2 protein chains.
Amino acid sequence: MPVMLRPSQALRLWQQVCLYEVRAGMPDLTERQLAILLTIYLDPPPHTVRGLAEKLKVTKPVITRALDTMSALKLVSRRRDERDRRNVLIRRTVEGALFVERFGDVIVEKARELSP
Amino acid sequence: MPVMLRPSQALRLWQQVCLYEVRAGMPDLTERQLAILLTIYLDPPPHTVRGLAEKLKVTKPVITRALDTMSALKLVSRRRDERDRRNVLIRRTVEGALFVERFGDVIVEKARELSP
DNA sequence: CGCAATCGTTTCGGTCCCGTATCATTAGGC
DNA sequence: GCCTAATGATACGGGACCGAAACGATTGCG
């Protein structure tokens with residue numbers, strides 16, 4: 001069952017969610033960072049720098065820098081793959097899970113408030 | 001008629017939209033910039049730096065800088081208010097309108113593709 | 001063993017953004 | 001005319017990010 005949404009509703013939803021996040025003083029993530037974060041939390045592991053770079057069609061340094069920032073925010077963590085020590089496995093954190101869960105609730109709430 | 005959405009659907013929608021934008025090489029806007037852009041295009045004018053700063057609960061330089069960047073991207077334009085020359089009126093552009101319209105269509109499309 | 005391939009990170013010069021404080025310009029009360 | 005208030009922009013030091021290139025570490029093939 002697809003979610004039916006008119007363009008005006010879609011834009012209003014996006015605005016209300018962004019406004020809420022900004023006003024709440026949440027980290028000012030870029031679209032790239034958000035794409036990475038949500039992919040880590042929604043798609044099945046394992047996640048690697050290379051895999052994310054391919055999925056987003058960006059270069060590896062873009063992923064590395066985004067992970068640097070989000071690691072400082074405790075939203076994700078990195079760990080060497082002991083089976084192939086060239087790899088770095090990107091893992092979820094408790095704080096990141098809470099952030100994503102809360103973010104989903106905000107979207108749901110703002111969608112519920114939409115006028116027809 | 002509110003839009004019903006489960007948290008998992010909401011997060012998946014956000015991910016798919018962000019992924020699409022990143023992959024398409026669209027400007028990597030931050031949440032703040034997106035909140036400003038959508039407010040300019042969805043809320044009734046006039047829009048001023050001070051008004052946006054209050055609406056977003058951020059400082060004026062934050063708005064000025066975001067407008068600098070989005071002006072360079074041709075997404076918005078600035079013009080002195082001739083009736084009160086202290087004010088700067090932030091206005092829409094053709095490119096910005098196309099960007100917002102396209103963005104709305106992307107959200108609608110990704111919502112339609114959502115699994116139940 | 002040696003060597004090429006792969007992985008993630010780092011470097012480089014340059015741009016953008018941050019928060020705080022200050023600025024120039026304009027308006028309006030007196 | 002003067003002085004205060006208001007507006008948006010700017011200066012500052014610091015941090016994050018960009019793309020392109022080079023880097024060290026690790027693997028696995030010949």
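In what follows, every chain begins at residue 1, and chains take the letters A, B, ... in the order their sequences are listed. These numbers were taken from a predicted model, which means no experiment stands behind them. Heavy atoms only: backbone and side chains are in, while hydrogens, waters and symmetry mates are out.
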Subject >> DNA chain D: 5'-proximal contact among B/His47 and A/Arg65 (nearest heavy atom) >> reply: B/His47
**OP:** Would you mind telling me which residue lines up with the more 5' stretch of DNA chain C, B/Asp68 or A/Arg78, judged by nearest nucleotide?
**Re:** A/Arg78
**OP:** May I have the distance from A/Leu89 (atom CG) to C/dT9 (atom P), rounded to whole angstrom?
**Re:** 11 Å
Subject >> Interatomic distance, A/Glu21 atom CD to B/Leu34 atom CG [nearest 0.5 angstrom] >> reply: 12.0 Å
Original post:
B/Arg80 has an atom CZ; how far is it from atom P of C/dT25, in whole Å?
Top reply: 10 Å
**OP:** First locate atom CD of A/Gln9, then atom CZ of A/Arg12, and finally report the distance between them rounded to the nearest 0.5 Å.
**Re:** 11.0 Å
Original post:
What's the NZ-P distance between B/Lys60 and C/dA24, to the nearest Å?
Top reply: 15 Å
**OP:** Could you state the atom-to-atom distance from CG of B/Asn87 to C1' of C/dA24 in whole Å?
**Re:** 15 Å
Subject >> B/Gln33 CD - C/dT15 P separation (whole Å) >> reply: 18 Å
**OP:** Give one of base, sugar-phosphate or nothing for B/Glu82, where a contact means two heavy atoms less than 4.0 Å apart.
**Re:** nothing
Original post:
How long is the gap from CG on A/Leu89 to CG on A/Asp81, to the nearest 0.5 Å?
Top reply: 4.5 Å
Original post:
Going by heavy atoms in the side chains, are A/Leu29 and B/Thr30 under 4.5 Å from each other?
Top reply: no
**OP:** Establish, for the pair B/Arg102 and B/Phe99, whether the NZ or CZ atom is under 6.0 angstrom from the six-membered ring centre and no further than 45 degrees off its axis.
**Re:** yes
Original post:
When all nucleic acid strands are considered with a 4.0 Å heavy-atom cut-off, which category describes A/Thr30: base, sugar-phosphate, or nothing?
Top reply: nothing
Original post:
Which residue lies toward the 5' end of DNA chain C, A/Asp28 or A/Pro61, if each is placed at its nearest nucleotide?
Top reply: A/Pro61
**OP:** Using a strict cut-off of less than 4.0 Å between a Lys/Arg side-chain nitrogen and an Asp/Glu carboxylate oxygen, indicate whether B/Glu82 and B/Arg85 qualify as a salt bridge.
**Re:** yes
Original post:
At under 4.0 Å between heavy atoms, what does B/Arg50 touch on the DNA or RNA strands: base, sugar-phosphate, or nothing?
Top reply: sugar-phosphate
**OP:** Look up atom NZ in A/Lys55 and atom CD1 in A/Ile36, then write down how far apart they are to the nearest 0.5 Å.
**Re:** 12.0 Å
Original post:
Given atom CD1 of B/Ile36 and atom P of C/dC16, what is their separation to the nearest angstrom?
Top reply: 16 Å
Original post:
CE of A/Met26 versus P of C/dC18: gap in Å, rounded?
Top reply: 17 Å
Original post:
Atom CD1 of A/Ile63 to atom P of C/dG8: distance rounded to whole Å?
Top reply: 10 Å
Subject >> Nucleotide interval of DNA chain D bounded by contacts with chain A (heavy-atom cut-off, under 4.0 Å) >> reply: D/dA16 to D/dT27
Subject >> Whichever of A/Arg32 and A/Arg85 has its nearest DNA chain D nucleotide further upstream toward 5' >> reply: A/Arg32
